[in-house]
Amino acid sequence: MKPRVRFAPSPTGELHVGGARTALFNWLFARKHRGVFVLRFEDTDIERNRPELVEPILESFRWLGILWDEGPYFQSQRFALYREYAERLLREGQAYRCYCAPEELEQKRTQAMAAKRKPKYDGHCRNLSSEEQKRYEAEGRKPALRIKAPQSGMTIVEDLIRGHVEFDNTELDDFIIFRSDGRPTYNFAVVVDDVTMGITHVIRADEHLNNTPKQIFIYEALGYALPQFAHVPMVLAKDRTKLSKRHGATAVFEFRDRGILPEALVNHLARLGWSCGDQEIFSREELIEKFSLESVNPAAAIFDDEKLLWLNHHYIKTGDPRRLGKLVRTFAVRRGFLTEAEAGKIPEERWAAVVDFLKERKRTLLELAEGALPFLTDRLNYDPKVVEKFLTADKATLLQEIAEILQAMSEQNFRAAVLEERVRIHLESQGRALKEIAQPCRVALTGVTTGPGLFETMEFLGKAWVIARLKRAIEKIQGVGSPAR
RNA sequence: GUCCCCAUCGUCUAGAGGCCUAGGACGCCGGGCUUUCAAUCCGGCAACACGGGUUCGAAUCCCGUUGGGGACGCCA
């Protein structure tokens, strides 16, 4: 039988990396076993629900390349179905109406906690007589539906990752499966959906392990076979707590906007709690081929930004420069480094070339976009501190001499090796070292102190820009022209 | 508080009783290369949480402790 798995986010926030990792494991499992990956939105909570978040979540998945085979389904469109199943349980005596008011329940819960007991429903409405029911109805109370949970024995969860987990049924209570306002609760809707959608493997985050015995009660009451369960460890922030806003970037979109490549994030997420020998770099195909739930580490994992950056850099170094060039272009425009019109004037090959030129020292698309600027436009942003340090008065003569030498060179000779030879010969004749002038030159040409080799930089910039920028720097040193430039 | 889960370098992990003087990766430190910064190469620091068992032998099995996480809603 082909496995059917699902990822079921609730549209109450953006897709964060923890959810993305759970979805990835589901997706990998489905792909590996030629099964079906279903996407389902659990939006039964009308108050907290934000429909405008659905599309961004879908977009996050598209960006990651985690594409669903079925759905998205919406629980909010399936209320009639849940009602049908709930009524069946009521009819069969597996569920009952509870008239207790939320405030009363809340009070009992608080009391139990204070008395250091586990808060449990006391079964007040479990065996109500029809007279009592009528009295409550007459009071205008709207009943919720509770399941009649077993009051003794054990419920066993056989988990593909955790193994054999036992729950004492006395720990569980008659929980609500249907609210008084006619909407199902989470645990109930999940089971009805998983049953009706034919889900064979429930792969979800660890935090749901405690919900599993409750859901098993529902499977049993409904008379359906259990799926396989696999509870994957959580992804924690650096401080070992659940990932949240205060931890900085946690949403998938935030990584995208920082210039992280989807293949890097997928690779990193896959390696969080899972491994395969000593391998670190995995293509999508390798992940599908090698992934297995059995080799998922049960311990929670901490999201490590540094390793993600290392992976991202790897994919920048080894990726197709044309594709990366397009991504950098989009990035530069989105960030306002260039206008769309300016970007449009730069040929595609130039974008690819600049990526290729800078990729060894840029770890993100953002760094690439920033660093590419001096090679794409004739605008230079000199850092005043850098200018002060390197474009000093004693360098003016030498810069001038170099400018003259370069001016005399043909376009055809404007190649790194030739440039280096000419400059070195001149320096030698003057008894000067390259070291003295290399950094001032670089600053003159790019405005920054780091980058590819000086002569490669000259070649890449081309004769016209090199000469112009050297002249501009010399003027700067001599105080000619606007210092505000 | 109660229940459930988890526990190897700072981080991700390898490890299914002898192959472990605990391996790899990121990061960090030092060095080579070099006009800078990277990339790259070489080297280094760094962990079995603790205590009891079981066994000829334990990172590995069992129990306990500690620590961390999660759950305990008419949230999901």
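Within every chain, numbering begins at 1; the chains are lettered A, B, ... in the order of the sequence lines, protein sequences first and strands thereafter.
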Measure from the side chain of A:E360, starting at C-beta and using heavy atoms only, and say which of B:C74, B:A76, B:A39 lies closest.
B:A39
Does A:K317 place a side-chain N or O at less than 4.0 Å from the phosphate oxygens OP1/OP2 of B:U40?
yes
Applying the side chain to side chain contact (heavy atoms under 4.5 Å, CB included) criterion to A:Y186, which one of A:N211, A:I177, A:T44 satisfies it?
A:N211
Side-chain contact check for A:P119: nearest option of B:A38, B:G1, B:A76 is B:G1
Considering every strand and a 4.0 Å limit on heavy-atom distances, what is the contact class for A:L272: base, sugar-phosphate, or nothing?
sugar-phosphate
Is the shortest distance from a Lys or Arg side-chain nitrogen in A:K307 or A:E280 to a carboxylate oxygen in the other one below 4.0 Å?
yes
Please determine whether a side-chain nitrogen of the Lys or Arg among A:D194 and A:R204 lies less than 4.0 Å from a carboxylate oxygen of the Asp or Glu.
no
P spacing across the pair B:A7 / B:G24, given as an integer number of angstrom:
23 Å
Side chain A:R162 and base B:C5 donor-acceptor under 3.5 Å
no
What about A:E207, does its side chain sit under 3.5 Å from the base of B:G69 through a donor-acceptor pair?
no
Could you work out the separation of B:C6 and B:A14 based on their P atoms and round it to a whole Å?
15 Å
Can a side chain N or O of A:T449 be found less than 4.0 Å away from OP1 or OP2 on B:U36?
no
Counting any heavy atom closer than 4.0 Å, what does A:E166 reach on the DNA or RNA strands: base, sugar-phosphate only, or nothing?
sugar-phosphate
Pairwise P distance for B:U40 and B:A25, with rounding to whole Å:
12 Å
Answer yes or no: is there an ion pair linking A:D206 with A:R162, defined by an N-O contact shorter than 4.0 Å?
yes
Are OP1 or OP2 of B:A76 and a side-chain N or O of A:T44 less than 4.0 angstrom apart?
yes
Taking 4.0 angstrom as the limit, do A:E306 and A:R363 come out as a salt bridge?
yes
Rounded to whole angstrom, note down the C1' distance from B:C12 over to B:U34.
33 Å
When you measure only distances, ignoring hydrogens and angles, does the side chain of A:S180 come within 3.5 Å of the base of B:C74 through a donor and an acceptor?
yes
Is there a donor and acceptor pair, one atom on the side chain of A:K307 and one on the base of B:A25, closer than 3.5 Å?
yes
Is the shortest side-chain N/O distance from A:R271 to OP1 or OP2 of B:U11 below 4.0 Å?
no
Any idea which of B:A38, B:A76, B:U35 is nearest the A:R361 side chain?
B:A38
